[in-house]
Amino acid sequence: TPEAMKRHIYILMSILLSVPVAMPVAAQCFDMTNLYADNVVCTTGSFNKPYQYTGVVSGRQTVMNDPNAYDANIPQLRCVPPGETAAVRLGNDRTGAQAESITYEYTVDADNTIVLLKYAAVMENPNHNATNQPRLILQILDANDNLIDEDCASFKFVASQALGWTSLYNGSLLWKDWTAVGVDLSAYVGQTVRIRLTNYDCSQGGHYGYAYIHLSCTPKEIVSSACGDEATTTFSAPAGFEYNWYKLSGGTRIPVGNTQSVTVPLDGDTYYCDIAQ
């Protein structure tokens, strides 16, 4: 339901981040485009058995290497997110009650504890019962394929006007432009988790759904752009969350902003940011 999705999106965490003085260097945690790597498992199957067959199937797990390519059904949707060089398409615009998945294993690095998912999706909306609609699911699992957190490590997007996605053809086709979602894995440093994305057509076989994905890892830090003798600086929190910037005065929070980055004067104050999913 939309209410359940909202709970998944907003409950994950509330982190207090104080400002570091150094600019961290992000590292690539794994190569998400190497679908044949030892830490990657691809599956195909049906709506009811999405993990039935193991292996890459051409057209159902597809690496997109052209940053200038656009989706065949949505001319304004890029196949690769802005600023990136590649992505993976999960699914296609064929029908048949198909489903497919990609699972990436990641041993959580202390320097890169936030997994950042950028996704874009296209779904037909046949207005079936919600349990039979096309959908995209992200799950973060432990080594035994159990969710690491029932409420905070799972995102489900079921085709519906209630998603608020762009609607075409009287609501029969929905699409979502590139959006970032971050997941904090700092409690799992040194442990191996499985990041699984599963895409479904509708269960009745007549309508499709597919998604483009990009995965990376980033530090759980705030960075500053200050350089030299400047009167202001811009602080940036990790991407993929909601933000509440503030400073403290006599124990009272003074709001500063609610976007990923804020520009503030270099006045000797300490700034903080609560970030929540």
Side-chain angles (χ1 to χ4, degrees), residues 2-29 76-78 80-84 109-121 138 140 149 151-155 157 162-166 176-187 213-277:
E3 291 76 14
M5 286 189 294
K6 186 173 182 181
R7 177 169 57 83
H8 286 170
I9 290 170
Y10 289 99
I11 281 185
L12 178 62
M13 61 181 171
S14 180
I15 307 171
L16 186 63
L17 295 171
S18 59
V19 178
V21 295
M23 176 75 78
V25 178
Q28 183 65 41
C29 45
Q76 59 269 55
L77 174 59
R78 289 182 178 271
V80 175
E84 306 294 351
D109 175 16
D111 294 327
N112 291 280
T113 58
I114 290 179
V115 169
L116 181 63
L117 166 68
K118 296 179 181 179
Y119 72 94
L138 165 68
I140 299 186
D149 189 306
D151 291 325
C152 310
S154 177
F155 305 85
F157 303 98
L163 286 173
W165 293 6
T166 302
K176 177 72 169 176
D177 207 350
W178 285 101
T179 302
V181 174
V183 180
D184 175 35
L185 296 178
S186 57
I213 60 173
H214 183 281
L215 281 165
S216 61
C217 301
T218 61
K220 180 181 162 182
E221 294 182 13
I222 292 176
V223 299
S224 169
S225 66
C227 181
D229 187 15
E230 298 180 0
T232 63
T233 186
T234 297
F235 291 127
S236 297
F241 299 92
E242 291 198 336
Y243 311 92
N244 179 24
W245 294 89
Y246 61 93
K247 63 180 181 179
L248 296 176
S249 177
T252 300
R253 289 190 180 200
I254 300 175
V256 175
N258 58 9
T259 54
Q260 182 187 354
S261 299
V262 295
T263 299
V264 297
L266 287 171
D267 53 10
D269 286 335
T270 299
Y271 292 86
Y272 302 88
C273 182
D274 290 337
I275 64 175
Q277 197 168 33

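Just so it is clear, the structure is predicted and the values come from calculations on it, not from any experiment.
- Proximity of V264 to K247: side-chain heavy atoms (C-beta onward) are nowhere separated by under 4.5 Å.
- Residues A180 and L116 come closest through the heavy atom pair CB-CD1, 3.8 Å.
- The two atoms that bring K220 and S186 nearest to each other are NZ-OG, 3.2 Å, heavy atoms only.
- A donor-acceptor pair under 3.5 Å is formed between the side chain of Y243 and the backbone N or O of F241.
- Not one N or O on the side chain of W178 forms a donor-acceptor pair closer than 3.5 Å with the backbone of P82.
- Below 30°, between 30° and 60°, or above 60°: for F157 and F155 the angle between ring planes is below 30°, a parallel geometry.
- Counting only heavy atoms from C-beta outward, the side chains of I114 and D184 approach each other to under 4.5 Å.
- Applying the side chain to side chain contact (heavy atoms under 4.5 Å, CB included) test to K176 and every residue at least two apart in sequence or in another chain returns Y119, W165, T179.
- Proximity of T233 to Y271: side-chain heavy atoms (C-beta onward) are nowhere separated by under 4.5 Å.
- A heavy-atom distance below 4.5 Å is not found between the side chains of Q76 and T166.
- Not counting sequence neighbours, the partners of S236 by the side chain to side chain contact (heavy atoms under 4.5 Å, CB included) test are V223, T234, S261.
- Pairing each heavy atom of D177 with each of A120, the nearest pair is C-CB, 4.1 Å.
- Rounded to the nearest 0.5 Å, atoms OG1 (T232) and CG (D267) are 10.5 Å apart.
- Side-chain atoms of V115 and L215, non-hydrogen and from C-beta on, do get closer than 4.5 Å to each other.
- In this structure, Q260 CD and W245 CH2 are separated by 8.5 Å, a value rounded to the nearest 0.5 Å.
- Proximity of V183 to L117: side-chain heavy atoms (C-beta onward) are nowhere separated by under 4.5 Å.
- Taken to the nearest 0.5 Å, the CG atom of N112 stands 11.0 Å off from the CG atom of L185.
- Pairing each heavy atom of I275 with each of P238, the nearest pair is CD1-CD, 4.3 Å.
- Looking at every heavy atom in both residues, H214 comes nearest to S216 through CE1-CB, 4.1 Å.
- Closest non-hydrogen pair, A237 versus C273, comes out as CB-SG, 4.3 Å.
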